[in-house]
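Worksheet: one structure, shown below.
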Amino acid sequence: MIMSAPVRTRIAPSPTGAPHLGTAYMALFNLAFARKHGGQFILRIEDTDRQRSSVQSEQAIFDALKWAGIEWDEGPDCGGNHGPYRQSERLDLYEKEINRLIEKGFAYRCFCTPERLNQLRASQMANKETPRYDGHCLSLSPEESAQRAKSEPFVVRMKIPESGECTFTDELRGEVTIDWTQIDHQVIRKTDGFPTYHLANVVDDHYMGISHVIRGEEWISSTPKHVLLYQYLGWDAPEFVHLPLLRNPDKSKLSKRKNPTSIFYFRDAGYLPEALINYLGMMGYTLPDQREIFSLGELSESFDIKRISLGGPIFDLAKLKWLNGRYLREQLQPEEVVERLQAWKANPDFLGKILPLALQRLETFSDFFPLAQFLLSEQPEFDLETLTGKLQPDQPAKLLKIAEWELEKANHWDRQTLSSIFQNISETEEIKLKHLMPLFFVAMSGAPVSLPLFDGLALLGPDLTRVRLRKAINQLGESGNGLSKKGLKALEKDYTARYGSRID
RNA sequence: GUCCCGUUCGUCUAGCCAGGUUAGGACACCGGGUUUUCAUCCCGGCAACAGGGGUUCGAAUCCCCUACGGGACGCCA
């Protein structure tokens, strides 16, 4: 490793779904490390999954990271000397390297059908073996392979040594050794011609001059594939640093099912970006002097990646709130707090969107804020009796859950879409909309009567909405009218039958 | 199931690499004070080295085993 090589780090999110806290977390340390060493930090969009990637989601990543105060030196929006920074625009490059791998005999085309592979996997699982490709297409001659490729769909797989082990160095953990027998003949090019993550990330990190790959712990077990690809392609591998994963309170990997995970949730619920970043900076890390209030700049100045601790930190909203409070009263001047509050939701734009919903219900100004309150708070208070209303006690939890799943499918978050989702639930459940709605009014606003719900939800946004639904479901659970594990499973099956499969 | 990674108060962590500390700080919680209430603020308290073996005069710290937790095992990233 050449010590004088410039430090270049990257964050490589895939533009699917809402911008995730984990992305900001990884970005933070990548950025701090690059700054500390006078290097560059790059944003690369990993949009190789054509089904799930969207331009809206890509834009959301830009917006969310910028809101959080994460700035990149090179990226799809600002360019740079190593572009393009969107993987979908680099297909020729991947194709070239894939062909090189095939020619050298390090990779091969595979014509197996998904059906065959599913069967194979199922039988291996049944025999308690590690699911692995069986090498069916490995023996095809180059000629036959090339010939069939003209008329048949295929994927390209990388070859993996049949025995021995792979040892690589993780900067925090030391040497990590994994047997090659544990590694599958990974698909590196999909039927649609797009590369998979494993290939694309290696090719891009090489051509983009990435010196340190700082990413989540979830990647440790596929690092041997990456190391091998660097070897096959004749390139030096970067340094690897695997950071611990943010956790839910139950210690599982942070997930939106159990926590707010969208960066926008924190923006919309009224947190300060500098407090959020500060908080993320203390997950698994402490500054050498142990101060607890610090900016991104201060973190970068003294940053020492070796100080990262490896136990997975639990994301604790209570402590984040405490920290946010300290920012409000210690780091900002009162005038600044007013300005920030206005910029948040107390501005003509946002209030102007609420007004049409409230106007007919107003007699004096005093009526406005009580009506709008649920759109300006993180969570409303409600009591369970009001929530359940006239429904059977076992109904609310199910209906809320169904709504949560249905809402996840929404491509747009506007009045019309929301309206049709609830219409559909009403029809499918054979409950008149009129009887269905009070439940949601209470869950969303705390009261059975409120501003028009669909417009309200549209203003609230998907992230705050989801958390409110979940809070209501949880409270029902605590009172004994929730969904048991069994009940949830049954509901999910039933849901799939009547509404179609869930998406994530 | 297989493999990999991890494990200090309920939570975030310092200390570990260069063995000797009354194992420190913060959140939460409990108690007291300031405050016309509440909050803030101040003071105090509770509370941890997962277990077992080694090495050593001495282990949270080094080594091994066990347990527990997490992750990976996709034509997702």
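Numbers restart at 1 for each chain; the letters A, B, ... are given by sequence-line order, proteins then strands. Note that the structure is a prediction, hence the values are computed from the model and not measured.
Taking atom CE of residue A:Met283 and atom C1' of nucleotide B:rC27, one finds them 10 Å apart after rounding to whole Å. Rounded to whole Å, atom C1' of B:rA60 lies 16 Å from atom CG of A:Leu310. Distance, A:Leu117 CG to B:rC73 P: 16 Å, rounded to whole Å.
Although no hydrogens or angles enter the test, the distance criterion places a donor-acceptor pair under 3.5 Å between the side chain of A:Thr496 and the main chain of A:Glu492. In terms of modelled atom types and a separation under 3.5 Å, the side chain of A:Asp73 and the main chain of A:Ile42 share no donor-acceptor contact. Side chain of A:Ser14 to backbone of A:Asp47: no donor-acceptor contact under 3.5 angstrom is found.
Remark: A:Arg157 is positioned above the aromatic ring of A:Tyr133, its terminal NZ or CZ atom under 6.0 angstrom from the ring centre and at most 45 degrees off the axis. Judged by a 6.0 Å distance limit and a 45° cone about the ring axis, A:Arg267 is positioned over the six-membered ring of A:Phe264.
Comparing A:Gln51 and A:Arg307, the nucleotide of RNA chain B nearest to each residue sits closer to the 5' end for A:Arg307. Positionally, the nearest nucleotide of RNA chain B for A:Glu217 lies more toward the 5' end than for the other of A:Glu217 and A:Val187.
If you check B:rU22 for Watson-Crick or wobble pairing at under 3.5 angstrom, you find it has no partner at all. In this structure B:rU61 sits in no base pair that meets the Watson-Crick or G-U test at under 3.5 Å. B:rU55: no Watson-Crick or G-U partner with both key distances under 3.5 Å is found in any strand. Base pairing of B:rG31: its partner is B:rC43, meeting the Watson-Crick or G-U wobble criterion (both donor-acceptor distances under 3.5 Å). Under the Watson-Crick and G-U wobble criteria, each requiring two contacts below 3.5 Å, nucleotide B:rG69 is paired to B:rC5. Within the shown strands, nothing qualifies as a pairing partner of B:rC38 under the Watson-Crick or G-U definition with both distances less than 3.5 Å.
A:Glu46 comes within 4.0 angstrom of the backbone, heavy atoms only, and of no base. Residue-level contact check: A:Pro244 touches neither bases nor backbone, having no heavy atom under 4.0 Å from any strand. Within the 4.0 angstrom heavy-atom criterion, only backbone atoms of the sugar-phosphate kind lie near A:Ser309; the bases stay farther away. A:Thr177 comes within 4.0 angstrom of the backbone, heavy atoms only, and of no base. If you check every strand for non-hydrogen atoms under 4.0 Å, A:Thr286 touches sugar and phosphate atoms only. Within 4.0 Å (heavy atoms only), A:Arg329 reaches sugar-phosphate atoms of the nucleic acid but no base atom. Counting non-hydrogen atoms under 4.0 angstrom, A:Cys112 reaches a base of the nucleic acid. Across all strands shown, A:Arg189 has no heavy atoms under 4.0 Å from either base or sugar-phosphate atoms.
In this structure, of B:rA14, B:rU11, B:rA26, it is B:rU11 that holds the atom nearest to the side chain of A:Lys251. Taking every side-chain heavy atom of A:Asp316 into account, B:rU11 is the closest of B:rA14, B:rU11, B:rC3. In the set B:rC75, B:rA28, B:rG71, the nucleotide with an atom closest to the side chain of A:Trp322 is B:rA28. Residue A:Gln182 places its side chain closer to B:rU2 than to any other of B:rU2, B:rC4, B:rG71. Distance from the side chain of A:Lys253 is smallest to B:rG70 among B:rC4, B:rU13, B:rG70. Across B:rC3, B:rC75, B:rA77, the shortest atom-to-atom separation from the side chain of A:Ile178 is found for B:rC3. Of the candidate nucleotides B:rA72, B:rG24, B:rA26, B:rA72 has the atom nearest to the side chain of A:Glu218. In this structure, of B:rC75, B:rA14, B:rC5, it is B:rC75 that holds the atom nearest to the side chain of A:Lys190.
Look at the C1' atom in both B:rG19 and B:rC57: the space between them is 12 Å, to the nearest Å. Distance check on atom P: B:rG51 versus B:rC4 gives 25 Å, rounded to whole Å. When the P atom is used for both B:rG52 and B:rA67, the distance is 15 Å, rounded to whole Å. The same atom, P, is picked in B:rU2 and in B:rC27; the two are 44 Å apart, to the nearest Å. Between B:rA50 and B:rG6, the distance separating the two P atoms is 15 Å to the nearest Å. A distance of about 11 Å separates the C1' atoms of B:rC12 and B:rA28, rounded to the whole Å. B:rC65 sits 36 Å from B:rG25 when the P atoms are compared, rounded to a whole Å. Spacing of P atoms, B:rA26 relative to B:rG45, comes out at 12 Å, to the nearest Å.
For B:rC75, one of the phosphate oxygens OP1 or OP2 lies less than 4.0 angstrom from a side-chain nitrogen or oxygen of A:Arg121. Residue A:Thr48 places at least one side-chain N or O closer than 4.0 Å to OP1 or OP2 of B:rA77.
Note: A:Tyr197 and A:Trp219 meet the aromatic proximity criterion, with ring centroids under 6.0 Å apart.
Salt-bridge annotation for A:Asp170 and A:Arg173: present, with a side-chain N of the basic residue lying under 4.0 Å from a carboxylate O of the acidic one.
Minimum heavy-atom separation, A:Leu233 to A:Arg100: O-NH2, 2.8 Å.
Within 3.5 Å, no donor on the side chain of A:Gln186 pairs with an acceptor on the base of B:rG74, nor the reverse.
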